[in-house]
Engineer: 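Quick one: the structure is below, questions incoming.
Residue numbers start from 1 in every chain, and the chains themselves are labelled A, B, ... in the order their sequence lines are given, proteins ahead of strands.
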Number of protein chains: 2
Amino acid sequence: MPQRPASPHRRTNDPEGLRQRLVDAAYIAFSTRGYHSTGLHELKREAGVTGGALSHHFPTKKALGLAVIQDRVAEAVELTWITPVKLATTTSDGIQAVFASIISELERKGTVSGCPLNNLALELSCQDKDFQAAIEAIFMRWRTAIADKLRADLRGSTIHDFDSEAMATLVVATYSGAMAMAKACQSVAPLATCAKQLTSIIQNQTSLATHLNLESGYPVSRS
Amino acid sequence: MPQRPASPHRRTNDPEGLRQRLVDAAYIAFSTRGYHSTGLHELKREAGVTGGALSHHFPTKKALGLAVIQDRVAEAVELTWITPVKLATTTSDGIQAVFASIISELERKGTVSGCPLNNLALELSCQDKDFQAAIEAIFMRWRTAIADKLRADLRGSTIHDFDSEAMATLVVATYSGAMAMAKACQSVAPLATCAKQLTSIIQNQTSLATHLNLESGYPVSRS
DNA sequence: GTGAAAACAGGACAACTGTCCTGTTTTAGT
DNA sequence: ACTAAAACAGGACAGTTGTCCTGTTTTCAC
C-alpha cells in the first residue's frame, strides 16, 4: 500500500518566501479594502496559501496585521516620504516632489484608495493597544524625519521663532487629511491644492523668519 | 381561548422616535467602533429594538449607514464646524475656537475616537458609490463654508492673490489629518499644534497679501 | 540513519454576520 | 365597525468569520 499517495502535492518548504507572500497580499488587501473587510479565507486564496501555513506563520489575524504595519506600512512611509525628503536639496522641494510623485501614481491607477498608514490608523487605533502603538511609532518617525530636514534647512541662518516640530506636524497632518479628502471625492485635486499651499507656507514662513531675524521694521524687498 | 395573551408585550408605536434611537445608536457605534466592526445584533441590543423594527425602517445595513451619514454626520459637521465659523468675527478666530472646543471635549472624555466623517470616509468611500457620494457632499459643504467665510473676511480689502478655496481645503485637510494623528497617538497634541499653525498661517497670509497690495516695498508697521 | 522539530496540507468548528420570514399589534381611512 | 396598511415582535436562515485540529512532508542536528 502506498505510504506516499499517487500525487501527493509536492511542495518546497520556503518559510521566508511564504511569509513574504502572505504579508504582501495582506498589505494590499488591508490597504485597499480595509482590515475588517478582508476575510482570511479570501486572503489565503489570493496569497495561494493553505490554512495550515497561515496559522503556522501567524497564529491570529492580529499578528498578521501587526506584521503588515511594522514591515510593509513602515517601509512604504520610508520609501515614499522619508527618503525622498531626506535626499532633496530642501524640505520644500522634497515635499513638492513627494506630492507630485504620489499624484501621478494615483492618476495612473485611476482610483484613490488612500494612505495605507491613515487607513489602518483610523480603523485599528481604537481597537487594540498594540496596533495603536505600532502606528504611533510610524507617525512619530515620519514627523521627526521632516522636522530634522527642516532644521537642517535652517542651518546657518540663526532663526529663533521657527518651530520645526510644529511645521513637520502640519505637513504630515495636511498630507493625511488631503489624502482623506482625495479618497472621499476620488480626485487628486485636494492633494494638488495642499501641496501648493504647503510649499508656499514653508517658503513664506522661513523667509519671513529670516526677515524678522534682521530685527528691523522692514523686509528685504526683492525688486 | 385568549386571542390576547396574558401579558403581550404592550408597545407604543412611535416610528419616528424609534428611527431616531436607531440612527443615534448607529452613529455612536459607527463613529467609535467603525462600520464593519459593529454588528447589527449588537446594535439592536444597544438601541433596544428588535429585528423586525430594524428591517422595517432600514431594509439593509447600508441604508442605516447612509442615514447615519446624511442625518447625523452632516449635522455634526454643521454644528461643530460650519456654524461656529460662520458666527465668528473672523475665520481665524472661528477656527481657533473650533479647535479649542474640540480639544477640551476630547480631554474631558479621555480618548480620541477621531472625526466621524473621516472615520467613515476612509472606511466606506472605496466600498460603495453611494457612501462615497454622501461623504463627498459633506466635505464639499464644509470646505465651501470656510471658503465663503474667508472671502467675507477679505471684503473691502482688494486682494488678488489670495485663494480662499485653496486655503479652505488646507484647513479641512489639516484638521482631518491632525485628528487622525491625534487618534493614532491618543493625544490632543497634534490638534493643538495644527490649530496654532493654521491661525498663524491665515493671519500671515492675509496680512502679507494686504501688504503686497499696497504695492510698496515696506509693510505697515503697527507700533 | 534516526528522531525531533519545523513547515505545511486540508478541512472541521462554533460563533457571528446580515437578511428575511411569519405572526401580532397598532393606526388610520372609510 | 371594518379593513388595509403600517409598525413592530421574535426568531430562523444561509453564508461567512477567525481559529484550531489532525495529519503529512520536509528539514536538520547528531
Engineer: Can you label the angle between the A:W81 ring and the A:W142 ring as parallel, tilted or perpendicular, going by 30° and 60°?
Structural biologist: tilted
Engineer: To the nearest 0.5 Å, how far apart are CG in B:L54 and NE2 in B:H41?
Structural biologist: 9.5 Å
Engineer: Tell me which residues in residues 21-47 of chain A lie within less than 4.0 Å of DNA chain C, going by non-hydrogen atoms.
Structural biologist: none
Engineer: Whole-Å distance between D:dT26 P and A:L18 CG?
Structural biologist: 15 Å
Engineer: Run the side-chain hydrogen bond (donor to acceptor under 3.5 Å, both in side chains) test on B:T174 and A:T174 for me, step by step, so that the C-alpha distance in whole Å, both residues' side-chain angles and the decisive distance to 0.1 Å come before the verdict.
Structural biologist: CA-CA 4 Å; B:T174 301; A:T174 301; 2.9 Å; yes
Engineer: Just to be sure I understand the geometry, which residues of residues 53-65 of chain B put a non-hydrogen atom under 4.0 Å away from DNA chain D?
Structural biologist: B:A53, B:H56, B:H57
Engineer: Hey, is NZ on A:K196 packed in by over 12 heavy atoms from elsewhere, all under 6.0 Å?
Structural biologist: no
Engineer: If we only count heavy atoms from C-beta on, is the B:N119 to B:K183 side-chain gap below 4.5 Å?
Structural biologist: yes
Engineer: Is any side-chain heavy atom of A:Y27 less than 4.5 Å from a side-chain heavy atom of A:T32?
Structural biologist: no
Engineer: If you pin A:G51 and B:E16 to their nearest nucleotides in DNA chain D, which one's is more 5'?
Structural biologist: B:E16
Engineer: Just so I know, are the side chains of A:R19 and A:D71 near enough to count as touching, which here means a heavy-atom distance under 4.5 Å?
Structural biologist: yes
Engineer: For the atom pair CG (A:L106) and CG (A:L191), what is the distance rounded to the nearest 0.5 Å?
Structural biologist: 6.5 Å
